[in-house]
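Predicted model only: the values in this text are computed from it and were never measured. Position 1 is the first residue of the sequence, and the numbers go up from there.
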Amino acid sequence: MSNLTHRLSALNRRRWANFRANGRGYWSFVIVTALFVLCLFAELIANDRPLLVSFKGSLYAPVVRDYPETAFGGVFETPANYTDPYLRDLINADGWIVEPLIPYDYRTIDFNLGQPAPAPPSARHWLGTDNQGRDVLARLIYGFRLSMLFAIALTVVSTVIGVAAGAVQGYFGGWLDLTFQRFIEIWSGLPQLFILIIVSSIVIPGFWTLLLVLLLFSWTALVPVVRAEFLRARNLDYVRAAKALGMDDATIMAKHILPNAVVATVTFLPFIVSGAVVALTSLDFLGLGMPPGSASLGELLRQGKENLQAPWLGLTGFFVIAGMLTLLIFVGEAVRDALDPRKTFS
């Protein structure tokens with residue numbers, strides 16, 4: 001067992017070395033990971049609420065919880081509006097405010113633009129505003145986080161279902177395999193985009209409903225790969241020996257065959273993530289995705305199409321989505337090459 005562990009560890013070290021040697025894929029992975037981690041803390045980067053407020057010797061954290069306006073010398077018991085100049089003057093008279101880097105939330109409408117929206121890029125709004133006066137950079141940060149979280153969630157769930165379905169097909173074979181194959185062929189032949197449009201127009205749009213709708217088709221991507229691996233491995237000597245020793249089918253599938261299938265499966269994951277990003281962006285662009293007002297990259301592209309006089313909207317959305325998908329594809333290529341035993345890098 002120790003020799004096997006050492007060999008597996010050496011194999012994983014070789015794969016990691018191959019992945020790092022692919023500079024394009026490795027640095028793409030670093031960039032995507034860094035951007036995703038930063039966007040997880042979007043509320044600390046782009047928010048219309050201060051990070052910290054000191055008023056009459058007391059400290060407040062508006063980014064974490066709501067405070068009434070009366071806490072800062074106002075007259076109303078309603079939650080404080082920190083964009084109100086009156087309230088800010090009250091706070092600055094007896095304290096100080098620590099602002100986020102971008103003092104706008106993805107929903108914040110700037111009523112003091114001084115010009116019609118959409119406004120071009122300026123020192124006030126680095127990437128300009130959309131047609132409702134909302135900061136484009138803030139919406140990009142929140143939209144990037146939403147797209148990545150959605151894509152990762154869809155990839156994880158569809159991978160679990162696809163791997164399970166492919167494993168059952170390949171291991172048991174026979175009529176079960178034939179029945180599943182015919183079903184998958186019919187299901188994959190359906191016009192997916194039109195069905196997604198119809199379903200999305202009927203159900204109430206939202207994160208979880210869209211995840212469920214897209215899951216209907218995304219799980220089939222990994223079934224052929226896993227099925228082929230289980231078909232190949234189920235008649236190998238070590239599987240036959242495990243059966244002869246009385247090991248049950250579930251244990252054989254999980255401990256002896258699945259680890260080999262996972263290697264082939266991992267290479268597809270970055271491509272599934274990129275496909276999920278494209279699917280969500282497409283639905284949002286068509287107006288069938290996330291609810292109105294949500295931070296969405298597809299909605300930004302739609303605004304660019306509808307406001308040709310504001311080219312910064314379309315160009316910003318295009319370059320962000322194109323860059324995101326390019327980085328994910330580079331990561332997928334690097335993972336594929338790192339797991340290929342025939343390829344080595346110097």
In terms of heavy-atom contacts, Leu140 and Thr316 come closest through CD1-CG2, 3.1 Å
Same cluster (ILVMFWY, side-chain, under 4.5 Å), Val277 and Tyr142:
no
Are Leu178 and Ile184 joined in one hydrophobic group, where the rule is that I, L, V, M, F, W and Y side chains link up if heavy atoms are under 4.5 Å apart?
no
Pair Arg49 + Asp66: basic N to acidic O under 4.0 Å:
yes
Backbone of Tyr171 reached by a side-chain donor or acceptor of Arg234 within 3.5 Å
yes
For Pro259 and Ala254, the nearest pair of non-hydrogen atoms, with its separation, is CD-O, 3.5 Å
Carboxylate-amine/guanidinium contact Glu299 Lys305, below 4.0 Å
no
hydrophobic_cluster_shared for Phe285 and Leu325, side chain cutoff 4.5 Å
yes
Are Asn22 and Asn18 close enough that some pair of their side-chain heavy atoms sits under 4.5 Å apart?
no
Assigning hydrophobic clusters by single linkage (Ile, Leu, Val, Met, Phe, Trp, Tyr; side-chain heavy-atom cutoff under 4.5 Å), is Phe230 placed with Tyr238?
yes
CH2 (Trp208) and CG (Leu215) are apart, to the nearest 0.5 Å, by 11.5 Å
Is the shortest heavy-atom distance from the side chain of Arg139 to the side chain of Asp130 under 4.5 Å?
yes
Does the ring centre of Phe72 sit less than 6.0 Å away from the ring centre of Tyr60?
yes
I need the Phe76 CZ to Asp84 CG distance, nearest 0.5 Å.
9.5 Å
To the nearest 0.5 Å, how far apart are CD1 in Ile141 and CG in Asp105?
10.5 Å
Should Gln181 and Gln169 count as side-chain neighbours, where that means a heavy-atom distance under 4.5 Å?
yes
Is a side-chain N or O of Ser28 found less than 3.5 angstrom from the main chain of Arg24, in a donor-acceptor match?
yes
Greater than 12 external heavy atoms within 6.0 Å of Asp237's CG:
no
Evaluation steps, side-chain contact (heavy atoms from CB on, under 4.5 Å), between Glu69 and Leu87
CA-CA 8 Å; Glu69 185 179 305; Leu87 182 62; 3.9 Å; yes
Should Asp135 and Arg124 count as an ion pair when the cut-off is N to O under 4.0 Å?
no
What is the distance from atom CH2 of Trp96 to atom CD1 of Ile91, rounded to the nearest 0.5 Å?
11.5 Å
Take a 6.0 Å sphere around CZ of Phe268 and say whether it holds more than 12 heavy atoms from other residues, nucleotides or ligands.
no
Starting from the C-alpha separation in whole Å, work towards a yes-or-no answer on side-chain contact (heavy atoms from CB on, under 4.5 Å) for Met253 and Leu258.
CA-CA 6 Å; Met253 294 170 65; Leu258 185 59; 6.0 Å; no
Would you mind reporting whether His125 and Leu137 have side-chain heavy atoms less than 4.5 Å apart?
no
Provide the closest heavy-atom pair for Asp177 versus Arg227 in the form atom of the first, atom of the second, distance.
OD1-NE, 2.7 Å
Taking CZ in Phe41 as the centre, count heavy atoms belonging to other residues, nucleotides or ligands within less than 6.0 Å. Is the count above 12?
no
Decide side-chain contact (heavy atoms from CB on, under 4.5 Å) for Leu300 and Val320; before the verdict, give the C-alpha distance in whole Å, the side-chain angles of both, and the deciding distance to 0.1 Å.
CA-CA 11 Å; Leu300 181 62; Val320 169; over 6 Å; no
State, yes or no, whether a side-chain contact exists between Ile272 and Ser158 at a heavy-atom distance under 4.5 Å.
yes
Could you list the donor-acceptor pairs under 3.5 angstrom formed by side chains in residues 143-153, with sequence neighbours left out?
from, atom 1, to, atom 2, distance (Å)
Arg145, NH1, Leu40, O, 3.4
Arg145, NH1, Glu43, OE1, 3.0
Arg145, NH1, Glu43, OE2, 3.4
Arg145, NH2, Glu43, OE2, 2.9
Ser147, OG, Gly143, O, 3.0

State whether the side chain of Ser294 and the backbone N or O of Ser296 hold a donor-acceptor pair below 3.5 Å, judged by distance alone.
no
For a quick test of reading the model, state the closest non-hydrogen atom pair linking Gly317 to Leu301 and the distance between them.
C-CD2, 3.6 Å
Assert yes or no for the condition that the ring centre distance of Trp187 to Phe217 is strictly below 6.0 Å.
yes
Give the minimum heavy-atom separation between Ala117 and Thr129, together with the two atoms involved.
CB-OG1, 4.3 Å
Under 4.5 Å between side-chain heavy atoms, counting indirect links through other Ile/Leu/Val/Met/Phe/Trp/Tyr residues: same cluster for Tyr67 and Leu52 or not?
no
Lys/Arg N to Asp/Glu carboxylate O, Asp284 vs Arg302, below 4.0 Å:
no
Can you check whether Phe271's main-chain N or O pairs, donor with acceptor, with Ser274's side chain at less than 3.5 Å?
yes
Shortest non-hydrogen contact between Pro100 and Asn47, atoms and distance
CG-O, 3.5 Å
Before you tell me yes or no, could you show the steps for Met290 and Phe207 under side-chain contact (heavy atoms from CB on, under 4.5 Å), namely the whole-Å CA-CA distance, both residues' side-chain angles and the distance that decides it to 0.1 Å?
CA-CA 7 Å; Met290 298 297 295; Phe207 184 92; 4.1 Å; yes
Return the CD to CG distance between Glu99 and Asp48, rounded to the nearest 0.5 Å.
9.5 Å
Val98 versus Val53: any side-chain heavy-atom pair under 4.5 Å?
no
If you round to the nearest 0.5 Å, how far is OG1 of Thr281 from CG of Leu297?
5.5 Å
Measuring only between side-chain heavy atoms, which start at C-beta, is Leu35 closer than 4.5 Å to Val32?
no
Look at the aromatic rings of Tyr26 and Phe19 and report parallel, tilted or perpendicular, splitting at 30° and 60°.
perpendicular
So Phe180 and Trp175, do their side chains get closer than 4.5 Å, heavy atoms only?
no
